[in-house]
Amino acid sequence: MADCVSKVELSISCENLLDKDVFSKSDPLCALLLNTGGNQWVEIGRTEMVKNCLDPKFSKKFLLDYYFEQVQKLKFGVYDIDNETFDLGDDDFLGEIECTLGQIVSGKKLTRPLVLHNGKPAGKGTITIFAEEVKDNRVVNFEVQARKLDKKDFWGKSDPYLEFCKQSPDGKWQMVHRTEVVKRNLNPTWKPYKIPLQTLCNSDLRKPIKVTCYDYDNDGSHDLIGTFETNMETLQVASHISPAEFECINPKKKQKKRSYKNSGIVSFKLCQIVKEYSFLDYIMGGCQMNFIVGIDFTGSNGDPRKPDSLHYINPNGFNEYLMAIWSVGMIIQDYDTDKLFPAFGFGAQIPPNWQVSHEFPLNFNPTNPFCAGVQGIVEAYQNCLPRVKLHGPTNFSPIINHVARFAAAAAQQPTASQYFILLIITDGVITDLDDTRQAIVNAAKLPMSIIIVGVGGADFSAMEFLDGDECVLKSPTGETAIRDIVQFVPFRKFHNATKEALAQSVLAELPQQVVCYFNSRKLRPPNEPDPEAL
């Protein structure tokens, strides 16, 4: 595995974008894609959407690992968002650029004209990418309120939000964070949020920070309520008992009125600097990755002895199930110290009584379902195929709940000691959708992720529904999953791609899922000393 030289944070802004909306301006969003070989691109992130704006400065940053010895090809695509769907294919395309991460890093700033799919200029549109090396893994947790803000809307109260800016070396202000909008409220309380310390002030506690309060307007002409400057040295003493408070000043109002005092008070109830661990911190700090495989043996796969079956092993010794096991397993096994992987099948009739089982060990040893390495999983699968009868129904929930029991036990540990990754390979026809939804919502509270690889040409709409990218998954009772733990990838997209391309797409969200779980519970890596014990 290549050594990550450093982490790089990318900030995106655009100017003079094409205007695709008839009665208003475009609502742009920027998506970032990484080339995984040939013409294969994998989306690795997207900014927020900025409403009614042709010159957006996006608040959300992209955090990338920078490898000096690799050519990391990137594509930045800008879209005018017209609907609620996650798919960008049904939104208006405003232009893109292709470049390498090395090109951005070498100049620290890259400005390029946007081009359309046919290579022609996207009007006068340009994109600018700022790069900053991340050397500090501390973040600042904020809890902020305001009171007595100016009323800016004629027919109602203001809709306030805050923007945080830091000063760049040339003296200009660069936006680093934008809060949510609180509708119709002159005394707003914003949801708690966090900003990386380096992003906020380059880790310099005395570096000036400008905070500006705006009244949000749908047409993009946001009204200034007021602004003030401070720094982290002042802010970090804030507490609920003794908040750090600042007058919001509107310079034009102050100039016009002698009696002017302020346009409201912004009150910081919490401004706490904490260390936030990265995926590599957890891996290198002793967190054990546990890899489990679940294979679909239902009748819809077809008779394994016939070439049209998804379980048919071709003369080269492969089928889509085996290719998925190799692709994902070869990456995961590097992080699993004992290289012993439990492997299960579901949806088959198994000997000796030929009852249908939804979680049987591939090696038919319930007390020791472990396989030695990826090769062991492959051999167990090949030995299992002729010994079972493909049947049904296709139930995911038993195997998810099986892994969740182990994850629940690991969740009782005082450190980030274990994380579980369940790979389910299926032909996509699911029977127990409601039970599976409940199982996933429950599992989202535990140290585990679920990867689903769909093989064959079936309708995978149910799988895409379980992957919470497009909308937050809910259980049948209405309980919302507290985090997205499912990544679904259809194998057919990678028929002509390398094994590495499939693995990269399948595992793209995993590091962030691991970090999200452990950081939200303030769990440190096992080998990291307890700061309270020092």
Side-chain angles (χ1 to χ4, degrees), residues 279 282-283 287-296 324 328-329 332 335-336 341-347 357-361 369-370 393-426 428 430-454 460 462-489 506-523:
F279 179 65
Y282 285 115
I283 295 299
C287 179
Q288 173 72 30
M289 293 283 151
N290 298 289
F291 181 47
I292 304 100
V293 178
I295 297 177
D296 182 341
V328 180
I332 295 288
Y335 302 103
D336 192 311
F341 306 126
F344 299 91
F346 58 90
S357 175
H358 299 296
E359 46 171 319
F360 62 91
F370 296 92
T394 308
N395 292 348
F396 283 7
S397 60
I399 196 167
I400 294 173
N401 291 330
H402 178 92
V403 176
R405 286 193 288 274
F406 291 98
Q412 304 305 311
Q413 299 296 317
T415 62
S417 58
Q418 294 190 79
Y419 197 89
F420 293 79
I421 301 148
L422 170 60
L423 170 65
I424 298 176
I425 313 173
T426 178
I430 184 170
T431 311
D432 67 335
L433 187 58
D434 282 354
D435 287 344
T436 296
R437 285 165 58 196
Q438 185 65 60
I440 292 171
V441 168
N442 294 340
K445 304 166 190 170
L446 301 170
M448 70 177 281
S449 292
I450 302 166
I451 296 165
I452 304 174
V453 175
F460 288 126
M463 302 299 105
E464 286 160 351
F465 172 71
L466 296 176
D467 185 336
D469 283 343
E470 193 158 322
C471 60
V472 178
L473 184 70
K474 292 184 178 180
S475 73
T477 60
E479 183 184 0
T480 300
I482 61 172
R483 61 192 185 99
D484 176 16
I485 64 165
V486 177
Q487 171 77 343
F488 167 71
V489 174
V506 165
L507 298 172
E509 295 179 8
L510 184 65
Q512 190 52 42
Q513 289 172 358
V514 173
V515 167
C516 174
Y517 176 81
F518 288 131
N519 274 326
S520 67
R521 283 154 182 77
K522 299 180 172 60
L523 294 174

Hey, are the side chains of M448 and F406 touching, using non-hydrogen atoms and a 4.5 Å cut-off?
-> no
H358 backbone acceptor or donor facing N395 side chain under 3.5 Å = no
Say whether T436 and D432, considering side chains only, have a donor N or O and an acceptor N or O under 3.5 Å apart.
-> yes
Is any side-chain heavy atom of M289 closer than 4.5 Å to a side-chain heavy atom of Y419?
-> yes
With sequence neighbours left out, write down each residue that passes ring-ring contact (aromatic ring centres under 6.0 Å, His included) with F488, or none if nothing qualifies.
-> F460
Roughly how far, to the nearest 0.5 Å, is the CD1 atom of I485 from the CD1 atom of I440?
-> 6.5 Å
Which atoms form the tightest heavy-atom contact between A404 and L446, and what is the distance?
-> O-CD1, 3.5 Å
Q513 backbone acceptor or donor facing R483 side chain under 3.5 Å | yes
Is there a donor-acceptor contact under 3.5 Å linking the side chains of Q438 and N442?
-> yes
Below 3.5 Å, can you tabulate the donor-acceptor pairs from side chains in residues 408-417 to any protein atom, sequence neighbours excluded?
| unit_1 | atom_1 | unit_2 | atom_2 | d |
| --- | --- | --- | --- | --- |
| Q412 | NE2 | A408 | O | 3.4 |

Can you tell me how far CG of N519 sits from CZ of F279, rounded to the nearest 0.5 angstrom?
-> 13.0 Å
Rounded distance (nearest 0.5 Å) linking atom CD1 of I424 with atom CD1 of I451 = 10.0 Å
State whether the side chain of T431 and the backbone N or O of T394 hold a donor-acceptor pair below 3.5 Å, judged by distance alone.
-> yes
